[in-house]
Each structure stands twice: as C-alpha cells, then as structure tokens.
Amino acid sequence: MKTFLFSLLKPHATSEPTKLLLHHHHQWRGIAKVRLKWVKNRSLDHIIDTETDLKAACLLKDAIKRSPTGFLTAKSFADWQKLLGLTVPVLRFMRRYPTLFQEFPHARYANLPCFKLTDTALLLDSQEQSIHQTHESDTVERLCRVLMMTKSKTIPLQSLYPLKWDLGLPDGFEKVLVPKYPDCFRIIKASNGIGCLKVIQWPKEYAVSELQRSKEGGDLGDEYRQFKRGQTVLAFPMNFPKGYGGQKKVRVWMEEFQKLPYISPYEDSRHIDPNSDLMEKRVVGVLHELLSLTLHKKTKRNYLRSLREELNLPHKFTRIFTRYPGIFYLSLKCKTTTVALREGYQRGKLVNWHPLTRVREKFYHVMRTGLLYRSKGVHLLSPQEILLNSVESESGPEESEEDEVGTGDECYEDEMSNLDSEGSDED
C-alpha cells in the first residue's frame, strides 16, 4: 500500500496531488518535534557580513550607471543606508572603497562630494554585462522557476526587485530581459494596480527541483530511480551544527521527517492540510528550492516574507529555519535576518560557483585592495594591477570546516526566542 501511495508522487508532474494521498497524510501527524538550541556559525556569519558590503557596492555601482550625469552626489544617497543594508553612512562607505568609487567636488557646489565609477569598476562591470548576455538562458530559467512555485504563477515586481541581486537578474530586468521572451513572461497589472510579472509557459524540465536534479546522476542515481518508481523517498542533505548529529532524539526525528513523501515545490499544494506533517515537509522543500535558485544560496528573511502568500507558506515560517538547523542557517548579522542553505557552503566557501559570483568575488577583492592602498595613493595603481592583486588574493588558503570555526555551544537563545514569539514575523 505504501509503495502504491509513493508511486502517486510524480517528480516531473505539476498537477495537484491526488485526494487519496492527501486523505492518508491528513492523519499523519505523529512526528515528535525536538526543540534545538540555535548554534552560532562564525564562518557563515562572516560570509554574510562581507557579502552585505559587496551587495551594497554592486547596487551603488548600478545606481551610478543609471544616473544620466554618470555620477551621484552625497545628497542623493544620504537616506539609502537602510535600503542598502549598511551599518555605516553611505558617504563613509563609498569613501572606504576608492578603487570602485572616485570622489570629486561638484562643479557648482564645491562642498558637495560626488562619486563616479573608476576605470577598474567600469572594467568589472563590462565583464558582468558580458556574463549576463552569455548566460541569459540560465537567468530566464531561474526566473521562470521562481514564478512557477507561486499559486498564481505571478509575483509583484516590487517583491522581485529586492531579490534581483540574489537571483542574478540584470539591472532593469523588467525592461531589458522580459520583453525579449514574450512567450515566457508578461507584465500585468493586479486588481490593486500593482505591476506584476507572470510566467506564461515553460519547458517541462523546468518543473524539476534542485533536490531531484541532484539525485539524478552520479552515485545517487539509483536513489532517484527508486524514488521515481515509488520505492523510496528523497532525503534532504543534512549538515548539523557540532554536537547535534550524534543525538539519538535528533536522529530519530530526522529519520521520521525524511520518510515523509517529498512534494515537489512545483506541485499545487492548496489541497494539502496546512496542519499536517506533509505540508511542513512541502514548506521545507519550497524554501530549499528557492534558496537553491539564489546565486549565493542565501537571502534575507524579509524578501521571503513578501512572497509568503503566493508560495503558500505559514504565517510564522521562520520557525521552519530554527526547526531544521541541519538544512538551514539563520543569521542575525548586519542588523537583519538572513537565511542560508547549509549544503551550499563547504569550508567557508560556496560549493557551486556561478560565473556571476566569480565576477562578484573580483569586486570584493578590488574593494579590499582599496582599503589596503587608500592611504598609499590608490590612484597610482592601474586597473590591471588592482585586478592582478585580486586574482592573487583568490588563491589564498581555504577556511577551516564551518563546524570547527569556534561554534562551540554558543547560541542565539534570546534572539531566537524573540523571533519565535513575534506575532508579525517581522525584523
């Protein structure tokens, strides 16, 4: 009977699950939940900290490019600090990185600082634009799959804009990318007048999750073939904080969780009991898939919350992150809440690098070069010398395994208890 029920879960299908399967799992709520302390991970916190500055620099670079004058005044970005996620004023931030932003006085107001892009920043931007063009089909697929997970296959543009950097979308994607693919996308207006992006059609192979794809080949191919025949279920990769993996109660809990049928995030879930264990595993699968589609395998919790209703997530979905620390990591660095996919990182670095993340790595090292040389005359360095320093920095030693980076028994008990008790699930 169990084999028959599992066989009803078609990994490539996008139709809603059958009533028989749902009826069976409405009653399946016997998994014992284990409350775990939240262990701080210094390695992932450091990555989130550095990439917050990197993202801010990239967004400022795009803003300067969009400016009709080719520069920004200090007055124009004075109130952007919170928008960019910075913990310091934007003016101080831009002066910190002279290898990217060149300061000069305004032509009419001598006391008004202005900033334009350096030759090095322009060179890196040209490399970034080249990658956007070369890998455009990959970007289209990623955007399609995000839209496909929603109930209406539609997302408000104002909810997509914050995710632009995480998803690797080009600046002004709604104007430069969407019109090129009228068979895939359409910009529509919702009943409240808000502009939305809707996916029209897509190849069937898009409706296969990253978890399913990871099991298709290599040593895990047998597991996936058994899953397709209904003989087994797909298991999420687990990487527990130090000390958790060996606990018997945790192992039993996770084994019970892994035995639940895997529901593809591209399946219609509106008829699944919202209080069932099956729905909880489906929610884990949706969050796992969405984070897998980001270039850096992480994003801010706020960005996910704006998609909560369309993705059919529970009101307090943050508890999913704290309940499954072997899959997700929740960080409170930089005065915000960021969620990362643990399997996306190993020894303090990304496991799978997208070409765009390689260019961003160059951006980061150029920023660091600016910090090192700003007191020694950074203007004396050519763009080629700065980039050469960046390449040499990239070949440095790897960081140790994340569970060895002094995590110990430190935990965010007070902070996480506040998150769990929040009525609005807001930062």
Side-chain angles (χ1 to χ4, degrees), residues 42 44-122 124-125 128 158 161-166 171-172 296 298-303 305-306 331-340 359-379 381 386 389-390 393 415 426-427:
R42 296 190 185 278
L44 287 175
D45 277 347
H46 174 70
I47 292 170
I48 290 167
D49 196 10
T50 57
E51 289 185 358
T52 296
D53 282 1
L54 171 61
K55 178 181 177 180
C58 290
L59 294 179
L60 284 166
K61 181 263 297 178
D62 290 340
I64 293 175
K65 278 189 61 185
R66 288 195 303 268
S67 173
T69 61
F71 64 87
L72 292 178
T73 65
K75 185 178 180 180
S76 66
F77 54 68
D79 58 348
W80 289 7
Q81 181 177 332
K82 186 175 181 180
L83 182 68
L84 294 170
L86 295 174
T87 55
V88 298
V90 183
L91 178 59
R92 188 192 305 175
F93 176 82
M94 297 188 77
R95 283 175 170 168
R96 186 182 290 172
Y97 303 114
T99 44
L100 289 181
F101 308 112
Q102 181 178 339
E103 183 176 354
F104 63 95
H106 194 278
R108 293 182 59 185
Y109 311 102
N111 293 328
L112 180 62
C114 301
F115 292 86
K116 63 180 180 179
L117 296 178
T118 64
D119 291 341
T120 306
L122 291 170
L124 285 172
D125 180 72
E128 181 182 334
Q158 64 186 23
Y161 290 145
L163 283 163
K164 179 187 71 173
W165 195 81
D166 294 330
D171 192 39
H296 296 271
K298 61 180 178 60
T299 191
K300 290 186 179 182
R301 185 191 59 169
N302 272 350
Y303 301 165
R305 188 173 61 242
S306 66
S331 172
L332 302 177
K333 290 292 290 184
C334 303
K335 298 181 180 180
T336 188
T337 309
T338 303
V339 60
V359 174
R360 290 175 178 177
E361 188 76 356
K362 290 183 181 180
F363 263 105
Y364 171 71
H365 287 297
V366 166
M367 291 165 64
R368 195 165 66 176
T369 301
L371 278 175
L372 294 174
Y373 288 93
R374 63 178 176 171
S375 62
K376 302 178 182 179
V378 70
H379 61 281
L381 294 174
I386 294 174
N389 290 335
S390 302
S393 299
E415 294 92 333
E426 293 180 351
D427 284 316

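Computed from heavy atoms alone, side chains included, the values below leave out hydrogens, waters and symmetry copies. Note that the coordinates shown come from a computational prediction; the quantities given were computed from them, not determined experimentally.
Considering only heavy atoms from C-beta on, Pro113 comes within 4.5 Å of Arg95 through its side chain. Between Thr99 and Thr120, every side-chain heavy-atom pair lies at or beyond the 4.5 Å cut-off. Side-chain atoms of Glu51 and Thr338, non-hydrogen and from C-beta on, never get closer than 4.5 Å to each other. Counting heavy atoms from C-beta outward, Leu124 and Lys61 have side chains that stay 4.5 Å or more apart. Considering only heavy atoms from C-beta on, Leu86 comes within 4.5 Å of Asp53 through its side chain. No side-chain heavy atom of Tyr109 sits under 4.5 Å from any side-chain heavy atom of Thr73. Counting heavy atoms from C-beta on, the side chains of Phe93 and Leu84 never come closer than 4.5 Å. Leu72 is not listed as a side-chain neighbour of Phe101, based on a closest heavy-atom distance of 4.5 Å or more.
Across all non-hydrogen atoms, the minimal contact from Ala110 to Pro105 is O-CB, 3.7 Å. Across every non-hydrogen atom of Phe363 and Glu128, the tightest pair is CE1-OE1, 3.7 Å. Shortest non-hydrogen contact noted between Leu100 and Ala121 is O-CB, 3.6 Å. Residues Asp49 and Cys334 come closest through the heavy atom pair OD1-SG, 3.3 Å. Nearest approach of Asp45 to Ser331, heavy atoms of both residues: OD1-OG, 2.6 Å. For the pair Trp80 and Val90, the tightest heavy-atom approach, listed with the atom from each and the gap, is C-CG2, 3.9 Å.
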*Using the side chain to side chain contact (heavy atoms under 4.5 Å, CB included) rule, take Phe115 and Leu91 through it: C-alpha gap first, then chi angles, then the decisive distance, then the call.*
CA-CA 10 Å; Phe115 292 86; Leu91 178 59; 3.5 Å; yes

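Note that OG1 of Thr369 is 13.0 Å distant from NZ of Lys362, once rounded to the nearest 0.5 Å. One distance of note links CD1 of Ile48 with NE2 of His296; it measures 12.0 Å at 0.5 Å rounding. One finds the SG atom of Cys114 at 10.5 Å from the CE atom of Met94 (value rounded to the nearest 0.5 Å). One distance of note links CG of Leu44 with NZ of Lys298; it measures 10.0 Å at 0.5 Å rounding. Rounded to the nearest 0.5 Å, atoms CG (Leu54) and CZ (Arg368) are 12.0 Å apart. Atoms NZ and OH, from Lys164 and Tyr303 in turn, are 10.5 Å apart once rounded to the nearest 0.5 Å.
Taking the six-membered ring where the residue is Trp, His106 and Phe71 present perpendicular rings, their angle passing 60° and hence far from 30°.
Looking at Lys65 and Asp171, no side-chain N of the basic residue comes within less than 4.0 Å of a carboxylate O on the acidic one, giving no salt bridge.
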